Amino acid sequence: MREFDTDMEIALEARSVTAGYGQQAKVIEALCLGIKSGTFTVLAGPNGSGKSTLLKALAGFLPLTEGAVELQGAPVSSFSAKRLAQLVGILPQGPSAPEGLSVEDLVRQGRYPHRGLFSRWTPQDTHACRAALDLTGLADLAERPLDSLSGGQKQRAWIAMVLAQQTPVLLLDEPTTFLDIAHQVEILSLLRRLVKENGRTVVAVLHDINQAAQYADRLVLLKGGRVKAEGDTRSVVTGEAMDAVFGVRSQVITNPVDGTPLMLLESDL
Amino acid sequence: MAGLVVLASAVVLTALWAMVVGTSDIGLPDVYRALFEFDGSRDHIVVTTVRLPRILAAILAGASLAVAGALMQAVTNNPLASPGLLGVNAGAAFAVVLALVFLDDLPARGYVWVAFAGAGVAGGLVYAIGSIGFGGATPLKLALAGAVFSAFVSAMTTSILIFDATTIDSIRLWSVGSLANRPMSNVLGVLPYIVTGLAAALLFSRQITTMSLGADVARTVGQNLALWRIVSGAIVALLAGSAVAMAGPIGFVGLVIPHMARMLAGSDYRRVIPVSALGGALLVLLGDNLLRAVFPERTIPVGITMAVLGAPFFVYLARNRLRGNN
C-alpha cells in the first residue's frame, strides 16, 4: 500500500547550507544535496564529518548560518514546528523518555502535530497508531513500559512514534547503533519496507557501508562538512571513494548473495 | 476515575472533621446550622469566620501548590522541581513583604498581583541561573540554583520583618506559611485566580504531558516548546503566587504530591493534575488540623508541619529517584 505520492522528484533539498553550533559555526559548509522522493538514502562518513548536523539541518532543527533547506519548494524555516512535524519525522540519536512510559503512550505522542489545541482523539489517530505498531511489529508489546524492552524493541518503539506522525519524509540518526546484528537487520528491513511499500522517503545516518549498499538506494559520503560522493550505492561504493573519505584501503567485490557491492578491508597484517 | 472519587471524598471528610477541631467545642449539627441557619451566636461566628475560611484556605493552597509543582516537574523534566525548592514561593513572599513595607497605599487585592510578579521573576531567574554552563538546566544545577536563591531571598524577607517594628505578628507567622486567621475576604480574593490556574492546567494537560516526556519527544512531534514553557510558567506563577499571597510560602506540598500522583496515576498529566490538586488539598488540610487537634493551645504554622513531613520524603527522593537521572 503506497500512502505517499512521489511525483515531486526532490523531497528535501539543501542549498549551499552552512551550519554548526556556537563556537563550531561551520560543521557543514556550503553543502548542496537533493534527497530524491521515494528512496532510501544513507548518509555516511567519518566521525565529525557533519552527518548529524546535516540531518538536523534537513529537519529544520538547526538555525542555518547560510543557505536554505527547501521542502516542497519552500524553506523549512517558513513552516511552523507543528506543520513541519506533519511533513518530516526525525528520530534523534539515542532518544530518551521517562522510564515507565508505555510503548502505546509514546506512539500516541506521534499524533501531536495532527491535533488541534483542544481537539479530541479521533478514529484516524487510533488507526495511525495501530498501523505504526503493526509496521514495527510492536502490537503485542503496546502495553509494556519502555524500560522493560530490549534495545531493538525500544528503537522500534521510537520509530513507531515517528511513523504515527504519518510524514512522507523520515530522517533517522544512527538508528542501528548499539544494536546487535539481528536487530540492525530488523530496523534496516523495516526502513526498506517503508520506502518500497509505503512510498516514503527515508534518510538515515549509518556507519556500515555494506549494510547501506544492501538496503539503501542511494549513498551520500560526507567528509569535513562537504559531500564527497553521492549517487546510487553501486556507483558510490568504490575502493577509491572509501580511501578518499575514510582513509582505509579496501577492495570492492560483488556480493555473491544479492549482487550489491561489498567492501572488503585490506588488513595491514 | 474511582481514585479521584476516593480522594475527593477524603478531602470532604477531612474538611468536616476540621470543622469540629478547635478550642471551642462545636459539634457537626452546630456546624450545619452555622452554615445553613446562621443565628449570630458565638459558635456560629467561629464556624463561619474562623474555621470555614481556614479550611478553604488549606484546600486552595494545597491544590494550587501541588499543581504548580506538577507543572514545574513537567516543564523542567526535573524530579526536584517544586515552587518551594526552586525559589518561586520565596520570591512571591519577598515581593509581598517588600510591598507591605514600601507601598503604603496598595489596595488589598494588589498584593496578589505583587505575589504573581514575585513568583514569575523568581522562577525565571532560577531557571536562567540553573541553565548556565554545560548541559543546560540539569536537575542538580536547577535545585542548587533554587536552594541558593531561596536561602538568600528568605534571609532578605526575614531581615526586613525583623527590622520593621510595625510588622504585626500575623505577618511574621504568614512568612513561614500559616493558615491561621485568614479572613474570608482574603480567601475569596484569590479564589478566581486559583480557579483560573487550575482550569488552565487541566485544559492544557495534554500539551503538558508531551512537554514532560522531554525535549526529544516534544521537538520531534513539533511542539512549540518556548510557547508552552511560557504558558506553564504563567500558570505556575498564578497558582503559587495566589497560594503565597493567601497563606505564605508553604513548602514540600509541591514537591511531594506530584510524585505521589504519578505513582498513583502514571505519566499522563490529564490524570496527574486532578490527582495532584486533590492530594495537595488533602495533605495541607490534614497537616494543619492534625497539629490543631494534638496541640489545641498552640499555633504551629502549617509551613513548619509541612517541612517536618516533607524533609524525610526529600531525602528518599534524592537517594532513589535522582540516581537514575544523573
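Per chain, numbering begins at 1; letters A, B, ... match sequence-line order. Only heavy atoms go into these numbers, but all of them, side chains included; no hydrogens, no water, no symmetry mates. Owing to the predicted nature of the structure, the values given are computational and were not obtained by experimental measurement.
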Novice: Under a 4.5 Å heavy-atom cut-off, does chain B meet the side chain of Gln109(A), its backbone, both or neither?
Specialist: both

Novice: Can you give the donor-acceptor pairs under 3.5 Å from side chains of residues 264-274 of chain B to other protein atoms, not counting sequence neighbours?
Specialist:
| residue | atom | partner | partner atom | Å |
| --- | --- | --- | --- | --- |
| Asp268(B) | OD1 | Thr209(B) | OG1 | 3.3 |
| Asp268(B) | OD1 | Arg270(B) | N | 2.9 |
| Asp268(B) | OD1 | Arg270(B) | NE | 3.3 |
| Asp268(B) | OD2 | Arg270(B) | NE | 3.2 |
| Asp268(B) | OD2 | Arg270(B) | NH2 | 2.7 |
| Tyr269(B) | OH | Arg262(B) | NH1 | 3.0 |
| Arg271(B) | NE | Ala265(B) | O | 3.0 |
| Arg271(B) | NH2 | Ala265(B) | O | 3.4 |

Novice: Report yes or no: is the cationic atom of Arg206(B) (NZ for Lys, CZ for Arg) closer than 6.0 Å to the six-membered ring centre of Trp121(A), at no more than 45° off its axis?
Specialist: no

Novice: Who pairs with Val169(A) by side-chain contact (heavy atoms from CB on, under 4.5 Å), at least two apart in sequence or on another chain?
Specialist: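 For Val169(A), the residues satisfying side-chain contact (heavy atoms from CB on, under 4.5 Å) (neighbours in sequence not counted) are Ala11(A), Leu12(A), Val88(A), Leu171(A), Thr201(A).
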
Novice: Is Leu225(B) close to chain A through its backbone or its side chain, or both, or neither, when contacts mean heavy atoms under 4.5 Å?
Specialist: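 Neither the backbone nor the side chain of Leu225(B) comes within 4.5 Å of chain A.
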
Novice: Which heavy atom of Thr76(B) sits nearest a heavy atom of Met72(B), and at what distance?
Specialist: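 Taking Thr76(B) first and Met72(B) second, the nearest heavy atoms are OG1-O, 2.7 Å.
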
Novice: Counting heavy-atom pairs under 4.5 Å to chain B, which of Val162(A), Leu84(A), Leu117(A) comes out on top?
Specialist: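 Heavy-atom pairs under 4.5 Å are most numerous for Leu117(A).
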
Novice: With only heavy atoms counted, which part of Leu106(A) is less than 4.5 Å from chain B, the side chain, the backbone, both or neither?
Specialist: side chain

